[in-house]
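Only one structure is covered here, and it is reproduced in the block below.
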Amino acid sequence: MNRAISITEVAIAYTPENDVNFPFLLSNLGDSFSTRFEHAGDLADIESAISSQQRAVQLTPEGHADLPSRLNNLGNSFSIRFERTGDLADIESAISGQQRAVQLTPEGYADLPSRLSNLGNSFSIRFERTGDLADIESAISSQQRAVQLTPEGHAYLPFRCNNLGNSFLTRFKCTGDLADIESAISSQQRAIQLTPEGRANLPNQLSNLGTSFSIRFKHTGDLADIESAISSQQRAVQLAPERHAELPFWLNNLGVSFKTRFKHTGDLADIESAILSQQRAVQLTPEEHVYLPPLLNNLGSFFETRFEHTKNPEDISHVISMYRLSAMQILGHPSRRLTAARKWAMLSRQFDQSASLNAFRVAIGLLSQVAGLEQTIHKRHMNLIDISDLTTSAAAAAFSNGEIGTALAWLEQGRCLVWTQINQLRTPADNLHVHDSSLADDFLNVAKALEASGSREEQSSPFSVENITQMIALQDESHTHVQLAKKWNELLSKIRCIPGFHDFLQPPETSNLLERLKCLALDGPVIIFNIHEERCDALALISGADTPLHIPLESFSHKQAVQLHDHFGKYLNNHHVRMREVDRSMKLWLPETGNVIYEVLRDLWLHVAKPILDALGYSHPSINRSRIWWCPTGPLTFLPIHAAGIYSKDKISSGPCVSDFVISSYTPSVSALLDKIKEAPTKDETSSSLLLISQPNTPGQSRIPATRQETHAIQDMMTVKGIKSLLLEDGAATAIRVKEEMTSHSWVHFACHAIQDAHEPLKSGVRLHDGRLELLEMMRQRIQNADHAFLSACQTSTGDEKLSDEAVHLAAGMLAAGYRGVVATMWSIKDQYGPEVAREFYTQILENTSGEVGKSSLMAMALLVHLIIVYRRFERGLGIRRLPS
């Protein structure tokens, strides 16, 4: 191989670039470099392969017979490099090239099966990184067709059967469909049967078959399967040449099977063999290899399994060391490194307290990579579901260690990740423009394109040759998205090298948050909660204070929070308090002793609100109430802290409540609040206007006739004051028209049905005449000079229970669209009271803001909502409103 490369390099040196054979020589050289890399593992070889093959493709004219082959080979090299470095752009480039190669290959052409199989491999590899089910479906579809088109006796049929079996195995791990594992074993057995002894690919096929047997054993418990697994994998290792690039993975597979058998038999010899095999795998894996983190994770897991049986302290030391090494790797799947960091942190809390904070620091830093900008918003939310408790765990550890500032920084950095990303993509570049106008323009252009890519629809249909044109178009979008994310990171690195921009879009430090609070002179404290199984705490950020005020919630627990949330949610569901209705006799505040609502609000008062108000010095009710912003986490997110208090049917027996002491608002995060308050009114706001949307007879929904009365009354009030307004009612209120008009009005008022979609939270929305205006659509909006939104609809600030710390609800969506404040509902309002609340609200706004809606302040908004709630508290069955910011 070395001689072939040398000879080809000499030939290229003596061949003019315009020679017809020049691309041919480049392509061959690239293929040779790629082959040598697969045997020796030298990263420089795969770099050289891609460089040569890219140049060959560039010099090959469209329509040339060799173009499909060169695209296929280039795609293969990109795929190989991805498996070494983990750069997502490589696997996107691989699929793009291979799809085009398949498209250009005529039906019946001898090389079509090979190109289909290679494309399937790349789909399968990308699935392992992204978890997108469409990828593994596409892999199987491509590889099945490849096998079908390959004649019996063909030299490459074993390869293609093996690849198809691997993809069936991968899908089984995701779906658990036993038919897939059976198909995997069948395909892999056929591959081995067709492979002569001594062939270089036999060890890989044996190892893969062993893995399928091992995984089937976990589901069937048939001891013969695990015996077959170990037998196949031992033979694979025995046949492998020393220093073969794939040997570490075959050793890893063998180690996993030994561990699996140990768990069944308890024979310590098996776990010893697993550790020895895995240690050798790690030793043979190059530094900065993308698969080193999972190999280290498995070795840590093996030591942990042995520790559980032997209790040898040396083993737990090895466990922590392996997870630490894995988490600290530069390359590797972010979710695997995060898994390692979490295990490192949790074990350190138990066995090595001094290391736990460093472990959590690494874990928190990895969150933004697990939900990276190269993914769609939907995918980022999905990736955050299983790690939603990480931030609260980290903050709890910081509180336990007396690191109050660290706890605040982590709570701010680890929550509302997607909203933070959206806000960062909309960051003005005025200051940067002064230093480097070209760089600022690049930053703004990439940010705009990246936001658009992030909100695109996910690909849902598997690959097929019949729809290849559509699939290529979708792949182009995906490829562009990943390239934009890569460019974004490069731009940030470049910007942070400019003096004075070192912390540009970096996570906020505690000192930075407190300084911003001081500069803005916030008229009340911000309360951030951390509700965790180990402890519950609150932090009060007070303008002018040098440090956060730590308030331990000693009589409250995570278990209590969950119980209150469950009781509250069941009550609302059982009484259908989840939608705006016209003929509902039930009132939210039922006048019965022992009412669930009373009990929930009483516990919130005694164990959450009162300790905080006491710590703040709010011991007695006051006419001149202070402002307060609540920033809850976990199950507390779905509970009405602002309404906490002692209530009863008899007002005389009622006790204190939050609204006696403070004027409440909510915010998704501290940074979100500070950003909105910092947004000064612009000149355009002097000509404020109001958009009204009314849907009394939404198709397919219950009638809510009072919305007509509500919006007409508001419009009349605006007319009297000389304020421009536009009312879209019934059929005029289509999704497209509403979105268009929102961009030209500073205020918007929705009076309609709304829904929080439990299955697809980004599809939550307000119900208009032609369907939902969804949350994702609202998030795409960039409304200039937007002031406030009034959502006279139900569940507009309810949020997604699986993503409680991500604020996936309509109110937050309106904030992301640009509105400085939002009035929203946690549950339903009775239709007949909507007009009353709205009329009182706008009457007070107009009287207190010189007759201009756009000049209302956040304080005025909060005060008015507060007064309405207090006034109606025992008078009507109103759903409590809240102001998210």
Side-chain angles (χ1 to χ4, degrees), residues 41 165-166 169 173 181 184-185 188-189 192 201-286 289 291-326 336 339-340 343-344 347:
N166 292 345
L169 172 62
K173 292 177 184 177
I181 194 65
I185 290 173
Q188 291 163 336
Q189 285 177 323
I192 290 171
N201 57 306
L202 184 57
N204 183 51
Q205 293 167 354
L206 285 165
S207 183
N208 292 335
L209 175 61
T211 298
S212 293
F213 276 128
S214 182
I215 288 175
R216 187 172 71 175
F217 168 75
K218 293 178 182 178
H219 286 76
T220 66
D222 185 350
L223 201 57
D225 275 343
I226 195 61
E227 298 296 343
S228 297
I230 291 174
S231 175
S232 295
Q233 290 164 337
Q234 283 179 320
R235 188 168 172 230
V237 169
Q238 291 164 0
L239 293 174
E242 192 64 34
R243 313 302 299 181
H244 190 286
E246 298 292 313
L247 181 55
F249 311 121
W250 302 334
L251 286 163
N252 171 76
N253 294 344
L254 176 59
V256 170
S257 292
F258 273 127
K259 178 192 172 184
T260 299
R261 188 170 69 179
F262 169 74
K263 287 195 166 185
H264 183 78
T265 65
D267 185 348
L268 279 173
D270 278 338
I271 197 62
E272 299 291 348
S273 297
I275 290 172
L276 289 172
S277 183
Q278 199 67 18
Q279 284 177 321
R280 189 179 171 207
V282 169
Q283 290 164 0
L284 292 173
T285 303
H289 192 293
Y291 285 118
L292 186 54
L295 296 181
L296 289 165
N297 286 355
N298 283 345
L299 181 54
S301 172
F302 297 170
F303 276 122
E304 192 171 2
T305 298
R306 189 170 70 179
F307 171 77
E308 290 169 359
H309 285 74
T310 65
K311 304 303 179 185
N312 185 339
E314 289 186 7
D315 278 341
I316 204 63
S317 178
H318 288 313
V319 174
I320 293 173
S321 177
M322 292 304 106
Y323 289 142
R324 178 181 57 80
L325 287 172
S326 174
R336 288 171 176 162
T339 296
K343 290 183 176 179
W344 171 26
L347 288 169

Please name the pair of heavy atoms, one in [X] and one in [Y], separated by the smallest distance, quoted to 0.1 Å.
| X | Y | value |
| --- | --- | --- |
| Pro248 | Thr285 | CB-OG1, 3.3 Å |
| Ser326 | Pro293 | OG-O, 3.2 Å |
| Val319 | Gly300 | CG2-O, 3.5 Å |
| Phe213 | Ser228 | CD1-CB, 3.8 Å |
| Ile275 | Leu299 | O-CD1, 4.0 Å |
| Ala240 | Trp250 | CB-CZ3, 3.3 Å |

Qualifying residues under side-chain contact (heavy atoms from CB on, under 4.5 Å), relative to Thr260, sequence neighbours excluded: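 With neighbours one apart ignored, the set is Ser214, Phe217, Lys218, Ile226, Val256.
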
For Asn253, side-chain contact (heavy atoms from CB on, under 4.5 Å) partners two or more places apart: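 For Asn253, the residues satisfying side-chain contact (heavy atoms from CB on, under 4.5 Å) (neighbours in sequence not counted) are Ser207, Thr211, Gln233.
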
Set of salt bridge (Lys or Arg N to Asp or Glu O under 4.0 Å) partners for Arg261, sequence neighbours left out: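 Glu227, Asp270.
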
Using atom types as modelled and distance alone, determine if a side-chain donor or acceptor of [X] lies under 3.5 Å from a backbone N or O of [Y].
| X | Y | answer |
| --- | --- | --- |
| Thr220 | Arg216 | yes |
| Asn208 | Asn204 | yes |
| Asp315 | Glu304 | no |
| Thr305 | Ser301 | yes |

Rounded to the nearest 0.5 Å, how far apart are [atom1] of [X] and [atom2] of [Y]?
| X | Y | atom1 | atom2 | result |
| --- | --- | --- | --- | --- |
| Lys311 | Phe307 | NZ | CZ | 5.5 Å |
| Thr339 | Asn297 | OG1 | CG | 6.5 Å |
| Arg306 | Glu314 | CZ | CD | 9.0 Å |
| Leu239 | Leu206 | CG | CG | 6.5 Å |
| Ser277 | Leu254 | OG | CG | 4.0 Å |
| Ser273 | Ile230 | OG | CD1 | 8.5 Å |

Contact list for residues 242-260, test salt bridge (Lys or Arg N to Asp or Glu O under 4.0 Å), sequence neighbours left out: Glu242-Arg280

Which residues share a ring pair (Phe, Tyr, Trp, His ring centres under 6.0 Å) with Phe249, sequence neighbours left out: His289, Tyr291

Ring pair (Phe, Tyr, Trp, His ring centres under 6.0 Å) against Phe303, all qualifying residues, sequence neighbours excluded: His318

Sub-4.5 Å side-chain heavy-atom contact between Leu296 and Gln278: no

Intermediate values then yes/no, side chain to side chain contact (heavy atoms under 4.5 Å, CB included), His264 and Leu223: CA-CA 9 Å; His264 183 78; Leu223 201 57; 3.4 Å; yes

